[in-house]
Each structure stands twice: as C-alpha cells, then as structure tokens.
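Comments concern the structure below.
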Amino acid sequence: MGIGAFDLKNVLEIDPQILEEQEHEHDQTIGCVAFREPEPLDPVALNSWLTRLVQDIGADLFRMKGVLSFAGEARRYVLHGIHMTLEGRPGKVWQPSEIRSSDIVFIGRNLDEEMLRAGFERCIVPRQALAS
C-alpha cells in the first residue's frame, strides 16, 4: 500500500532499545487445545456438552472457536465463545469438492486435554447411525 504506516527507523528513534532482548515471563498455565474430526457431529450432544463445559470451566476458558460439520446439515456451523458466552450460527454451504470436517480450538488456563477430547468425542455421530 506504500503508506509508510510502519517504519523501523522511526520506531528506533522513539525507542532505540526496542530490538534488544527483553526479559519477560509467560504464564505456563495458559494453553491451547485443538481437535479436528472428519466424522459429523451430533448438534444436540455438542450443545449439551458445551453448555456443561462453560458452566464447569467457563472462568478458565478464555476463547473457543470452531467450524463444525453436523450430521444431516448442508451448511457448516460457526462457533465462537468467550468464557461463559457461546455464540453460533450456520455458515456457508459445504461444497461437493470440500472435505467436511469439524475443527475446534480452546484457549484457556489449566485446560485438561483428555477431558476435552473425551467430551468432544461423545458428540461424534457413530458411522452405523449414519448408515441407518
């Protein structure tokens, strides 16, 4: 764009030590857990699980984002959450050329990956249920 919004020379004039190594601490209790699932999800089971999850660990669950594939739905579902607030809505229609899958990411403090995985896996629609 050529608008000169960032010029390192100008920044160095303001703060000559900006490029020097700075000592800082990271909170080791904050982490990220992400899952990708190729099988479709049960929307009722997912809603129930997420509702319980935010009630149980909402204070430590900073962010949650997902693009989900629900069984029997032509559209993807877009999920966003902050602490105990969840918001979701239907998104674009899955195109025939697209590989349908569900991706979900949790960011928070002291996240229990195994507990999250177990809860998420309980929302997967078993293959035999899809065939019937």
Side-chain angles (χ1 to χ4, degrees):
M1 292 175 33
I3 60 173
F6 179 82
D7 184 339
L8 184 58
K9 186 175 16 171
N10 291 341
V11 173
L12 288 169
E13 286 179 17
I14 296 168
D15 184 358
Q17 297 159 344
I18 195 165
L19 297 177
E20 294 179 15
E21 187 69 28
Q22 303 289 323
E23 234 181 272
H24 56 277
E25 292 182 32
H26 292 280
D27 186 339
Q28 298 299 316
T29 64
I30 296 175
C32 174
V33 175
F35 304 117
R36 171 170 286 158
E37 175 55 47
E39 299 300 326
L41 303 175
D42 176 337
V44 174
L46 185 82
N47 183 53
S48 177
W49 172 61
L50 289 177
T51 299
R52 280 191 317 273
L53 183 68
V54 299
Q55 289 173 353
D56 292 345
I57 68 166
D60 288 330
L61 191 57
F62 303 152
R63 296 288 301 269
M64 178 187 343
K65 288 188 164 228
V67 175
L68 309 171
S69 174
F70 288 146
E73 292 293 330
R75 297 170 71 175
R76 64 196 81 214
Y77 192 80
V78 181
L79 171 74
H80 174 73
I82 299 175
H83 292 291
M84 296 183 77
T85 303
L86 292 174
E87 178 184 318
R89 60 179 167 68
K92 298 186 314 185
V93 172
W94 292 100
Q95 297 302 308
S97 61
E98 291 181 290
I99 297 173
R100 290 177 64 146
S101 68
S102 294
D103 294 285
I104 193 165
V105 177
F106 302 91
I107 300 170
R109 179 174 285 116
N110 298 316
L111 296 177
D112 182 340
E113 182 173 354
E114 293 307 313
M115 179 270 297
L116 291 170
R117 181 179 307 279
F120 184 65
E121 288 178 352
R122 284 191 298 275
C123 301
I124 298 169
V125 175
R127 271 186 199 269
Q128 62 271 23
L130 291 173
S132 35

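Residue numbers run from 1 in the order of the sequence given.
For Glu121, there are no side chain to side chain donor-acceptor pair (under 3.5 Å) partners at least two apart in sequence or on another chain. Residues passing the side chain to side chain donor-acceptor pair (under 3.5 Å) test with Arg75, sequence neighbours excluded: none. Take Ser48 and apply the side chain to side chain donor-acceptor pair (under 3.5 Å) test, not counting sequence neighbours, and it matches Arg52. Residues forming a side chain to side chain contact (heavy atoms under 4.5 Å, CB included) with Asp112 (at least two apart in sequence, or on another chain): Glu114, Met115. With sequence neighbours left out, Asp27 forms a side chain to side chain contact (heavy atoms under 4.5 Å, CB included) with Thr29, Ile30, Arg109.
For the pair Cys123 and Trp49, the tightest heavy-atom approach, listed with the atom from each and the gap, is SG-CB, 4.0 Å.
No continuous path of hydrophobic side-chain contacts links Phe62 to Leu111 [ILVMFWY only; heavy atoms under 4.5 Å]. Tyr77 and Val125 are not part of a single hydrophobic cluster, where members link through side-chain heavy atoms under 4.5 Å apart. Side-chain heavy atoms closer than 4.5 Å link hydrophobic residues (I, L, V, M, F, W, Y) into clusters, and following such links, even through other members, never connects Phe120 to Val67. Clustering ILVMFWY residues whenever any of their side-chain heavy atoms sit less than 4.5 angstrom apart, transitively, puts Met64 in the very cluster that holds Val33.
Sorted pairs that involve residues 53-66 and meet salt bridge (Lys or Arg N to Asp or Glu O under 4.0 Å), not counting sequence neighbours, are lacking altogether.
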Would you mind writing out the side-chain donor-acceptor pairs for residues 99-107 within the sub-3.5 Å range, not counting sequence neighbours?
residue	atom	partner	partner atom	Å
Arg100	NE	Ser69	OG	3.1
Arg100	NH1	Glu73	O	2.9
Arg100	NH2	Ser69	OG	3.2
Arg100	NH2	Phe70	O	3.2
Arg100	NH2	Glu73	O	2.7
Ser102	OG	Ser69	N	2.8
Asp103	OD1	Arg36	NE	2.5
Asp103	OD1	Arg36	NH2	3.1

Donor-acceptor pairs under 3.5 Å, side chain of residues 79-94 to any protein atom, not counting sequence neighbours: which ones?
residue	atom	partner	partner atom	Å
His83	ND1	Gly58	O	3.1
His83	ND1	Ala59	O	3.4

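Residues Leu41 and Ile124 are in side-chain contact: their nearest non-hydrogen atoms beyond the backbone lie under 4.5 Å apart. Two residues are said to be in side-chain contact when any heavy atoms from C-beta on lie closer than 4.5 Å; Asn110 and Ile57 fail this criterion.
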